[in-house]
Amino acid sequence: MNTKTTQADLESIAAIVDSAAHNAEAIQQLSLQGHTLSLAEAYQVQRLSLSRRIQRGERQVGIKMGFTSRAKMVQMGVDDMIWGPLTDVMAIEDGGEMDWSRFIHPRVEPEIAFLLKRPLSGNVSLAEAMSAIEAVAPALEVIDSRYQNFKFSLEDVVADNCSSSGFTVGAWQKATVDLSNLGMVMEFDGNPVQIGSSAAILGNPYRSLAAAARVAGEAELELEAGCIVLAGASTAAEALKPGVHVKLNAEQLGCAEFKVSRA
Ligand code: 0L1
Ligand code: MG
């Protein structure tokens, strides 16, 4: 924490971002409101904001990795990934409905999800990360920045739970599916809107799982058995609209889908 930012400041900033998320109301970027946070402070705000969710009865079920493509890191001028917690309230059932009223200006990304069968934390090899996987699934992540116009600095977005707000996981498959170069086609109402490859996720999504263990270890946390890890986007995010049906086809990994409610 720098000399000017106190614990009380971090708690009041966490209340601002948490309230924006809870009420689906856009706010000005923290950095434009005069809150200059270091990256470590931004993660402290994220943790305090998660505590507020937990006090309301939410349960952490996993983590999401962000900026896992080289293109997004270059765009943001950063050289590492970001991460944030996923809670049970963010889950949208596969084939279910996303409640538009809970979001500000949501976008959706085609991703891959891992389910862990044993804990992971710290620096692990790819083989160790892979051996901790119980199952894999196609997934859709809904990101919804709480900042006006989806504009933020790196510290702003980390403090805002890395824009996490929703996710759908398709049917879990045995971890034997080769994830290194799967075609990922995301459709709106049956029309392709984003086409990519799972290779866009750090060259291979398993690297994102190893990175998730590393960042958890750096935060003195453990990814527990039963934890879901969203590996990151395989294409650019697509803006959602009320009433649209979203479907991801990920070749032999299968599909994940949801319908957005009417406004
Ligand atoms: O890959 C991601 O999930 C990025 C999330 C944070 C940045 C954004 O909202 O675009
Ligand atoms: Mg994502």
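The structure displayed is predicted, hence computed values, not measured ones. In this chain, numbering begins with 1 at the start of the sequence shown. Atoms within each ligand, like the ligands themselves, are counted from 1 in listed order.
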Suppose I only count heavy atoms of [X] and a 4.0 Å limit; which atoms of ligand 1 are within that range?
X	value
E141	3 (O)
F150	9 (O)
S163	6 (C), 8 (C), 9 (O)
V157	6 (C), 7 (C)
F152	7 (C), 8 (C), 9 (O), 10 (O)
I143	3 (O), 8 (C), 9 (O), 10 (O)
F67	1 (O), 7 (C)

Minimal non-hydrogen separation, [X] against [Y], with atom names:
X	Y	answer
N123	E128	O-OE1, 4.4 Å
F67	M81	O-CG, 3.6 Å
S49	A14	N-CB, 3.8 Å
D144	S165	CB-OG, 3.3 Å

| field | S163 versus R107, side-chain donor and acceptor atoms under 3.5 Å | value | no

| Proximity flag S145 to ligand 1, non-hydrogen atoms under 4.0 Å | no

For [atom], find the nearest protein heavy atom and state the residue, atom name and distance (0.1 Å precision).
atom	result
atom 10 (O) of ligand 1	K72 NZ, 3.1 Å
atom 3 (O) of ligand 1	K64 NZ, 3.0 Å
atom 5 (C) of ligand 1	C162 O, 3.3 Å

| query | Polar-atom distance check: E111 versus ligand 1, any N or O pair below 3.5 Å? | reply | no

| remark: The side-chain hydrogen bond (donor to acceptor under 3.5 Å, both in side chains) partner of T87 among Q60, R56, E58 is E58

| said: Rounded to the nearest 0.5 Å, what separates atom CD in E111 from atom OG in S234? | reply: 7.5 Å

| said: Working to the nearest 0.5 angstrom, can you tell me the gap between R207 CZ and L202 CG? | reply: 7.5 Å

| said: Would the distance check show the side chain of Q46 and the main-chain N or O of V158 forming a donor-acceptor pair, the cut-off being under 3.5 Å? | reply: yes

| request: Check for a donor-acceptor pair, side chain of D189 on one end and backbone N or O of H245 on the other, with a separation under 3.5 Å. | output: yes

| request: Go through the steps for V229 and C227 under the test side-chain contact (heavy atoms from CB on, under 4.5 Å), then give the verdict. | output: CA-CA 7 Å; V229 178; C227 173; 4.2 Å; yes

| task | Taking the Mg ion (ligand 2) as the reference point, name the nearest N/O/S atom of E141. | result | OE1

| field | Selection from G66, S165, A237 by shortest heavy-atom distance to atom 1 (O) of ligand 1 | value | G66

| Is it the side chain (CB and beyond), the backbone, both or neither of R107 that lies under 4.0 Å from ligand 1, heavy atoms counted? | neither

| Which is it for A233 and ligand 1 at heavy atoms under 4.0 Å: side chain, backbone, both or neither? | neither

| query | How many degrees, to 10°, between E109 OE1 and E111 OE2 as seen from the Mg ion (ligand 2)? | reply | 90°

